[in-house]
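Beneath this line is the structure, given in structure tokens, with notes to follow.
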Amino acid sequence: MEFRHFRYASIRSKLSLLALTCFSTLALAQQAIGPVTGKDVVYQILTDRFYDGDSTNNIPTGSPSQIFDGTGSDLKLYQGGDFQGIIDKIPYLKNMGVTAVWISAPYANRDEPIIDYQSGGGQMVWSSYHGYHVSNYYRTNAHFGDMKDFTDMVNALHNEGIKVVIDFVSNHSSRWQNPTNSFAAENGKLYEPDRDGNGNFVFDGNGNPVDLNSDGSSDNLIADPNGTTNPGWFHSIGDRGTDSSRFGYRYRDLGSLADFTHELPEVVAYLEGAATFWKGKGIDGYRHDATLHMNPAFAKGFRDAIDSAPGGAVTHFGEFFIGKPDPKYGEYESFPDRTGINNLDFEYFRTLTNVIGNGSQNMQDLASFYQYTDNDYAYENQTVTFIDNHDVPRFLRVNSDQRSLDVALALTLTSRGIPNIYYGTEQYVNGHDGSENGGRVFMQTDTSFSQTTRAYKIIQKLSALRQQNDALAYGQTSILYSSADVLVMSRKFYDKQVIIAVNRSPYNSYTVPTLSTSMAAGNYTDVLTGELGGSSVSVSGGQLASFQLSQQEVNVWSYDPNLGTAPKIGDMQSTIGRSGNQVKLFGTGLDGSLQVKFDTTNATVVANDYHSATVTIPAVAAGSRSVSVVKGGVTSNTFAFEVLSDDQNQMIFHVVAYTQPGEQVYVVGNIPELGNWDPAKALDAFHNPNPSEWWKWFLPVSVPKGTNIQFKYIIKDSMGNVTWESGANRSASSSAIASGVVDLPLHTFQ
């Protein structure tokens with residue numbers, strides 16, 4: 001197939017980009033308390049599966065009782081957890097040391113039985129309890145509560161210093177075809193609230209949609225993959241099946257979920273409007289679903305639109321789901337560089353599962369992981385690490401030994417990155433079976449909310465250490481010693497340092513030899529206070545004295561001196577932005593009178609204290625810029641930040657290129673987004689969707705709006721050798737509209 005249904009220059013629906021306009025009632029707008037950083041511990045809550053704080057919303061008006069269970073027995077159905085339930089358990093979260101929660105998508109989902117027909121003639125009935133089947137982005141999931149309940153929850157969490165990250169699904173709506181019923185038409189429909197005469201959505205004083213036209217519903221169909229209402233909003237080319245190509249992952253359906261056409265300006269505008277609508281509710285970040293399946297050009301502009309909206313940059317991380325080993329690893333590790341959306345660290349998850357869970361790798365492999373990802377990941381301290389989550393089996397299904405889980409938790413809470421704890425892991429939940437759905441238990445009925453489990457106390461103590469010692473949040477990782485069962489590593493930020501010593505073996509004890517260290521002389525006690533068998537150790541003359549590690553022992557030793565008044569940068573949120581955006585720097589010595597420079601240009605300092613500074617990106621040339629802080633004549637370390645040329649939209653390139661096996665097509669050009677003519681910076685290869693026309697290639701690329709672009713196509717072979725087009729540079733102008741798309745004609749490689 002030629003995949004040429006990207007002709008959108010003349011397409012204008014009734015929206016006319018109204019999704020980006022103001023709403024007639026912006027009730028309950030809130031203020032975020034800050035992006036999530038390496039100092040935080042995130043607690044992932046499947047809202048429906050946590051705690052039922054308000055039984056009146058268990059079966060909302062109009063919702064079929066068939067999709068509600070409430071006993072924790074049928075995990076395919078709603079159980080009753082809600083926004084009020086999260087509020088009720090804030091003391092439990094706070095005492096554990098949780099400083100951020102990642103909750104299910106809060107907006108309305110398809111609310112009807114999802115029927116899977118069985119080969120024997122039976123049926124399995126599912127619900128959309130998980131939040132991944134959006135039906136209306138502009139009202140809450142009624143099973144969780146209304147908009148006031150949501151904003152009450154955000155306020156209550158913020159009042160306790162707990163940040164809020166929402167799951168956000170921009171890849172698809174709901175299932176539009178039923179694969180268990182010969183792919184018969186099913187749903188996939190997207191709705192929106194009533195609009196007033198000016199085209200703006202209308203909400204009541206509590207932020208809930210209003211039935212303005214008195215038709216008995218505040219839902220209005222806006223797109224239907226099976227109907228006549230904007231069916232082009234969806235790719236509609238069928239399930240991926242066995243198609244393992246990048247094209248298959250990005251453009252075909254994931255599990256028959258209606259895949260949004262991210263190359264359509266109306267769709268881009270609508271999704272950006274929906275995401276910024278939720279930003280206005282005061283959230284602190286987004287977990288982006290299914291980033292592996294997104295068009296990265298859309299994802300880059302999507303993040304840019306969110307961070308450019310009032311409130312400044314927030315946290316972004318996404319689900320680029322890879323296995324280990326995986327041929328998509330190169331795409332995975334470069335996705336944050338290409339889009340500004342960081343990754344859930346699946347490489348960490350797979351490595352730790354293999355090392356501590358099933359034993360197929362050893363501690364030297366873990367040591368190697370820290371080293372190669374330090375090279376591969378541009379911002380390794382911003383990846384989100386985990387030992388289990390809603391898409392994989394519970395850890396205890398891989399290894400039923402609770403002490404092994406404790407060891408894995410301790411490693412995760414002291415490793416580089418932002419640790420994410422899956423709800424119930426601290427209570428040793430092992431799920432109803434080994435499937436991901438089997439692990440999504442109703443915590444209220446499945447276990448207790450005990451604050452005395454060893455896992456709970458490990459999280460509590462190491463969360464406090466992350467808050468206290470910046471070495472865990474911002475530090476570099478160094479391997480001091482490793483063997484098949486033992487790892488000793490250091491996390492260091494200037495003079496601040498934490499040393500972690502782990503023996504994974506449940507059978508053998510080991511003697512660790514004397515090790516060289518830069519830690520100050522003295523005696524250090526285990527921060528875990530012996531929870532995992534740890535004890536004290538001494539340092540003298542730059543030597544860490546030899547020590548014993550008993551079975552499954554973990555020691556955490558901390559050195560936390562004051563770093564003084566000189567400025568030091570530990571991290572930035574975000575790492576990509578454009579002039580005029582607000583971003584935050586984190587570190588020490590950032591208080592008082594200071595200058596923040598992007599190369600040599602001063603940024604406006606909006607607010608600052610000892611640990612952080614909020615600045616406005618100055619008008620500087622696009623590309624990688626070195627950020628530094630100058631205070632009292634002292635210049636800090638630098639941090640690499642990518643300045644965008646302008647608001648990002650898309651250009652779709654098409655070329656006929658007769659390649660050889662192992663060769664791939666790329667585009668380079670005269671702007672940073674096209675690598676400034678550097679082939680090494682061309683990171684996304686073209687797609688070839690039709691094997692019968694293997695010479696036809698295409699790729700959407702994120703480019704600055706309203707810009708004349710010079711470019712050429714190139715071919716790279718498997719060894720990295722580059723063949724350039726001959727002839728003069730090609731030229732094209734991008735759309736002047738923020739969400740616009742320019743679909744270029746088919747070129748021929750010269």
Side-chain angles (χ1 to χ4, degrees), residues 46 48-49 67 74-78 104-105 107-119 122-137 141 167-190 223-226 231 233-262 267 271 287-295 298-299 318-323 326 328 331-332 344 346 389-393 431 433-440 689:
L46 293 189
D48 175 66
R49 300 303 164 89
I67 63 172
D74 191 341
L75 296 181
K76 301 187 302 300
L77 307 180
Y78 278 99
S104 304
Y107 43 74
N109 267 234
R110 168 183 174 177
D111 200 36
E112 63 186 48
I114 302 168
I115 299 174
D116 282 354
Y117 296 91
Q118 305 301 294
S119 58
Q123 297 180 1
M124 293 180 66
V125 177
W126 296 76
S127 68
S128 302
Y129 70 86
H130 39 62
Y132 296 120
H133 296 165
V134 59
S135 65
N136 190 331
Y137 285 110
N141 186 327
D167 225 320
F168 200 89
V169 186
S170 59
N171 182 68
H172 54 258
S173 59
S174 63
R175 202 165 74 179
W176 72 294
Q177 294 178 325
N178 190 332
T180 71
N181 187 27
S182 302
F183 291 94
E186 188 171 343
N187 196 298
K189 298 176 182 178
L190 186 66
D224 180 1
N226 293 303
W233 281 33
F234 307 92
H235 285 130
S236 299
I237 57 176
D239 266 352
R240 181 172 62 84
T242 59
D243 185 352
S244 61
S245 68
R246 287 180 307 113
F247 174 82
Y249 273 94
R250 292 184 191 176
Y251 293 97
R252 298 190 186 279
D253 296 336
L254 170 64
S256 294
L257 299 166
D259 197 65
F260 282 126
T261 304
H262 288 144
V267 172
L271 293 173
R287 179 270 186 184
H288 297 271
D289 183 58
T291 51
L292 166 61
H293 304 279
M294 284 187 196
N295 161 8
F298 160 79
E319 178 212 9
F320 202 108
F321 197 135
I322 62 167
D326 198 295
K328 295 183 294 298
E331 279 191 88
Y332 158 84
L344 277 163
F346 275 89
N389 71 15
H390 64 299
D391 282 326
V392 299
D433 56 49
S435 69
E436 64 272 19
N437 193 67
R440 300 171 185 176

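For F321 and F346, the ring centers sit closer than 6.0 Å to each other.
The nearest pair of heavy atoms linking N226 to W176 is ND2-O, 3.0 Å. A pairwise comparison of heavy atoms in F234 and A258 identifies CD2-CB, 3.5 Å as the closest pair. Residues D391 and N389 share a closest heavy-atom pair of N-OD1, 2.9 Å. Nearest approach of S236 to P231, heavy atoms of both residues: OG-O, 4.4 Å. Here the closest heavy-atom approach between residue V125 and residue L77 is recorded as O-CD2, 3.6 Å. What you find for Y132 and H390 is that their closest heavy atoms are OH-NE2, 2.8 Å.
A distance of 6.0 Å separates CG in L271 from OG in S170, rounded to the nearest 0.5 Å. If you take CD on E436 and NE2 on H130, they are separated by 10.0 Å, rounding to the nearest 0.5 Å. We find the CD-CD distance between Q123 and Q118 to be 9.0 Å, quoted to the nearest 0.5 Å. Note: L254 CG to L292 CG = 8.5 Å, rounded to the nearest 0.5 Å.
The backbone N or O of L75 sits less than 3.5 Å from a side-chain atom of R49, completing a donor-acceptor pair. The main-chain N or O of G131 is never found under 3.5 Å from a side-chain atom of N141 such that the two would form a donor-acceptor pair. Checked by atom type and distance alone, the side chain of T291 pairs as donor or acceptor with a backbone atom of F320 at under 3.5 Å.
Taking D111 as the reference, nothing meets the salt bridge (Lys or Arg N to Asp or Glu O under 4.0 Å) condition, with sequence neighbours excluded. Residues that satisfy the side chain to side chain donor-acceptor pair (under 3.5 Å) test with H133, not counting sequence neighbours, are S128.
With F260 as the partner, the side-chain contact (heavy atoms from CB on, under 4.5 Å) test is satisfied by one option alone out of N295, L190, V169, N171: L190. Evaluated for a side-chain contact (heavy atoms from CB on, under 4.5 Å) with S127, the options N109, D48, I67 yield exactly one hit, I67.
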(message) Pair H235, T261 - check side chain to side chain contact (heavy atoms under 4.5 Å, CB included), show working.
(response) CA-CA 5 Å; H235 285 130; T261 304; 3.8 Å; yes
(request) Apply side chain to side chain contact (heavy atoms under 4.5 Å, CB included) to D289 and H172, showing your working. (result) CA-CA 9 Å; D289 183 58; H172 54 258; 3.4 Å; yes
(message) With side-chain hydrogen bond (donor to acceptor under 3.5 Å, both in side chains) as the criterion, how do S104 and D167 come out once you've worked through the C-alpha distance, each side chain's angles and the decisive distance to 0.1 Å?
(response) CA-CA 5 Å; S104 304; D167 225 320; 6.0 Å; no
(message) Test side-chain hydrogen bond (donor to acceptor under 3.5 Å, both in side chains) on S435 and N437; report intermediate values, then the result.
(response) CA-CA 5 Å; S435 69; N437 193 67; 5.5 Å; no
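Residue pairs that meet the salt bridge (charged side-chain N to carboxylate O under 4.0 Å, His left out) test with at least one member in residues 171-188, sequence neighbours left out, are R110-E186, D116-R175, R175-E186.
Looking at Q177 and D239, their side chains never come closer than 4.5 Å, going by heavy atoms from C-beta outward. Within the 4.5 Å cutoff, the side chain of Y251 has no heavy atoms near those of the R240 side chain.
The aromatic rings of F298 and H262 lie parallel to each other, their planes meeting at an angle below 30°, with 60° marking the opposite boundary. Between F168 and Y107, the ring planes are perpendicular. Angles over 60° get that label, and only those under 30° would be called parallel. The aromatic rings of Y129 and Y78 sit perpendicular to each other, their planes meeting at more than 60°, with 30° as the lower class boundary.
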